[in-house]
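See below for the structure under consideration.
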Amino acid sequence: MIREQQTTIGFHVWGAEKLSEETVKVLRLDNDGITYAMAVTEEGFLLHVYYGKRCGDDDLTYLLHLDEGTYTPQHHNRERLNFMDSRPFEYPCHGIGDFREPCFMVMDEEGMSACDLRYRGHRIVSGKPVLKQKGVRCIPATTASEGEAETLIVTMEDAHEGLVVELSYSIFRDSNVITRSAKVINKGYREVHVNRVLSACVEFPSSDYDMITLNGAWARERAVCRAALHGGKQSVDSIRGVSSAQHNPFAALCSKDADEDRGEVWAFHFVYSGNFLAETEVAQDGKARFVMGINPYDFSWLLKPEEEFTTPEVVMVYSEEGFGGMSRTFHDLYRGHLIRGYWKDRERPVLINNWEATYFRFDQDKLYAIAEQASKLGIEMLVVDDGWFGHRDFDNSSLGDWYVYEEKLKGGLKPLVDRVNALGMKFGLWFEPEMVSDDSELFRTHPEWAIQIIGRNMTQQRAQYVLDYSNPEVREYVYGMIRKILDSANVEYIKWDMNRNLTEVGSTALPGKRQRELWHRYVLGVYEVMDRLTTDYPKLLLENCSSGGGRFDPAMLYFSPQIWTSDDTDGIARLQIQYGTSYCYPASAMGAHVSDCPNHVLGRTVPFDTRGNVALAGTFGYELDVTRIPEEDRAKIPGQIEKFHRFNGLVRDGDRYRIGNPFGTEQYDAWMHVSKDKNEAVLTFVQIMAQPNRPKRNIKLKGLCPDKKYQCEELGMTLSGRTLMTCGIDIGLHGDYASATYYFKAEE
Ligand code: DGJ
């Protein structure tokens, strides 16, 4: 529910004898779980009042503390530094006395940069309007029908420049979620450069919190990091052009006592795939300001009169059930309101990908042999990875030449696809559509289509350049090639890869004063092609990938229901990667495969069963040469696939509870997936290192109904949910990396 309240408040002003009075307007968003409140002062300042657990329907304006601190100025006299630099602003600007981190900075034709946004009005709409910007095909965001959400749009104006900023706040009816974004419209008569336009700011009343971020690297994505807030700025960001493996566009503040099951968490997730900033600043008064949005680093967007700019969306989740509650809220939101299309709620085919099986060394016979063997074992789709196009024998050529490498696939794609289909299997294909190799027909014909600064050296990574997706000609051409391939054979799945970061960020197609827009225009161009692809081929299963999980972000989920989680497929390393990823992404989105041993990244050998049990917590598939693995491993595949079909409904649609912590010292990990009706659950336990004199570990289950009785075949016991959650079960496995699954079914 969104409400407006008028209230008159009294407060003390420094030097004045009488109590001062002022009428403020309160704008309030509530559902059963949360309250978000802001207030408009008589001068039009939009101040933050409260965000957190649902509070009573009382007048909350006392929380504004308008008279806090010395030298509190009179109202109508607040354009004074001591007011501007200490008040909690909903959307802070730059250059008028607030020296903390701003959300909005512009520069006008004279090179002036101050800005003063004041409230001009608001409107409330049911549902959640689609994020739009003239000339932009699609801005990924969560969706909600009328009745599922309500949206407050606050209009702010900077009268000096004639700039209007609309701040959107959508509150979901049934979950602790508010989404935010901002739209700038130039209503003035001069051009302005928007140099910073973040999506959200939340002011916290103290700095008594820890900040959680998900950090990592290639093959070590999304490790959970926790650090106490301290004076000054703490941030994660990306300036790589992609959301990145180094830092996920996620951050949370939490109470000091927050753990997996208890404590308060305020989480923020940016629905964006490019440069981002997530920052907390603890200011001189000890209060914390959190901001999130497109990274202002090297960003500038020219806004001519009547032009507009819409920011991507920030999803804000509040939990009073610690990180577990936070994650389940994200999972439900993304499964219900972000992931779209045919595969949204469907079981995905169990696939076998040839990357780790063959790398670039394959031909149609090799691929068919893998498919034939795989089909006998119950595998449902063959995915041909990198190397099927141009003359690609290694990673140094042919990106951009999206036609079949006939020396490897004689007669083209169709004969192979038809044969694979005849085995009863689907067929999928790898592309890296945003790239062009130095050695490619495309680059030889159109060198100007690569991102570059003319006259400068073009930095290579993997002997490739990034195509200028801000240029509609480039998008059209590349998409045309993809279409041709898709129309030539029955390709039902695409792995869309992206294997380098952006350098020398310049476009031969943009005018000088729009060059700094390229970072963002690139991302919008990628969204456009992905949107066309999924619209034109509605049943196509799209899996995103970026050197493993280098672009694992919510915006990608808007197009592809699953993302390759990491190039590290080691069953034990994956525990940490999947644990961190599960902080905000559902299991149904996590690409997870069983690969061969010794693992190609780590050289470690983990039992085949454990590799399977870990991959079962994601989308599930294989990444190995099934014709060459040991017979005893191969023999286990049908059993694993049977388990997949048994448990995938639970994994895909159920609630995930993290029980162990692979970052901890306990040397085990465990997690559960529980059906929404709490009638079924599966527990997975993985022993990292066996410990002497510690024959059994006690694992307390979570998420069950205390009053139901659950039968567990593996344990040969029937116990109440209450006992299972209070006393736990004892698990004793033998050996490092041993694992087991336990299925619980409630008695009728
Ligand atoms: C990086 C991906 O993460 C891998 O799975 C594989 O597709 C390679 N690229 C292919 O070049």
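Numbering of ligands and ligand atoms starts at 1, following listing order.
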For the residue pair Phe443 and Tyr465, categorise the inter-ring angle as parallel (less than 30°), tilted (30 to 60°) or perpendicular (more than 60°).
tilted
Which residues pass the side-chain contact (heavy atoms from CB on, under 4.5 Å) test with Ser547, sequence neighbours left out?
Trp218, Asn499
Does Asp363 have any salt bridge (Lys or Arg N to Asp or Glu O under 4.0 Å) partners at least two apart in sequence or in another chain, and if so, which?
none
For residues Trp355 and Asp386, is any side-chain donor paired with an opposing acceptor at under 3.5 Å?
no
Test of understanding: with side-chain contact (heavy atoms from CB on, under 4.5 Å), list the residues that count as partners of Arg483, not counting sequence neighbours.
Tyr479, Asp487, Asp536, Tyr537
For ligand 1, list all ligand N or O to protein N or O distances below 3.5 Å, rounded to 0.1 Å.
| from | atom 1 | to | atom 2 | distance (Å) |
| --- | --- | --- | --- | --- |
| ligand 1 | 3 (O) | Gly548 | N | 2.8 |
| ligand 1 | 3 (O) | Asp567 | OD1 | 2.5 |
| ligand 1 | 3 (O) | Asp567 | OD2 | 3.1 |
| ligand 1 | 5 (O) | Lys495 | NZ | 2.7 |
| ligand 1 | 5 (O) | Asp567 | OD1 | 3.3 |
| ligand 1 | 7 (O) | Asp385 | OD1 | 2.7 |
| ligand 1 | 7 (O) | Asp385 | OD2 | 3.3 |
| ligand 1 | 7 (O) | Trp430 | NE1 | 3.1 |
| ligand 1 | 7 (O) | Lys495 | NZ | 3.0 |
| ligand 1 | 7 (O) | Asp497 | OD2 | 3.3 |
| ligand 1 | 9 (N) | Asp497 | OD2 | 2.7 |
| ligand 1 | 9 (N) | Asn499 | ND2 | 3.4 |
| ligand 1 | 11 (O) | Asp386 | OD2 | 2.6 |
| ligand 1 | 11 (O) | Arg462 | NH1 | 2.9 |
| ligand 1 | 11 (O) | Arg462 | NH2 | 3.0 |

Classify the ring geometry of Trp402 against Phe389: parallel below 30°, tilted from 30° to 60°, perpendicular beyond 60°.
tilted
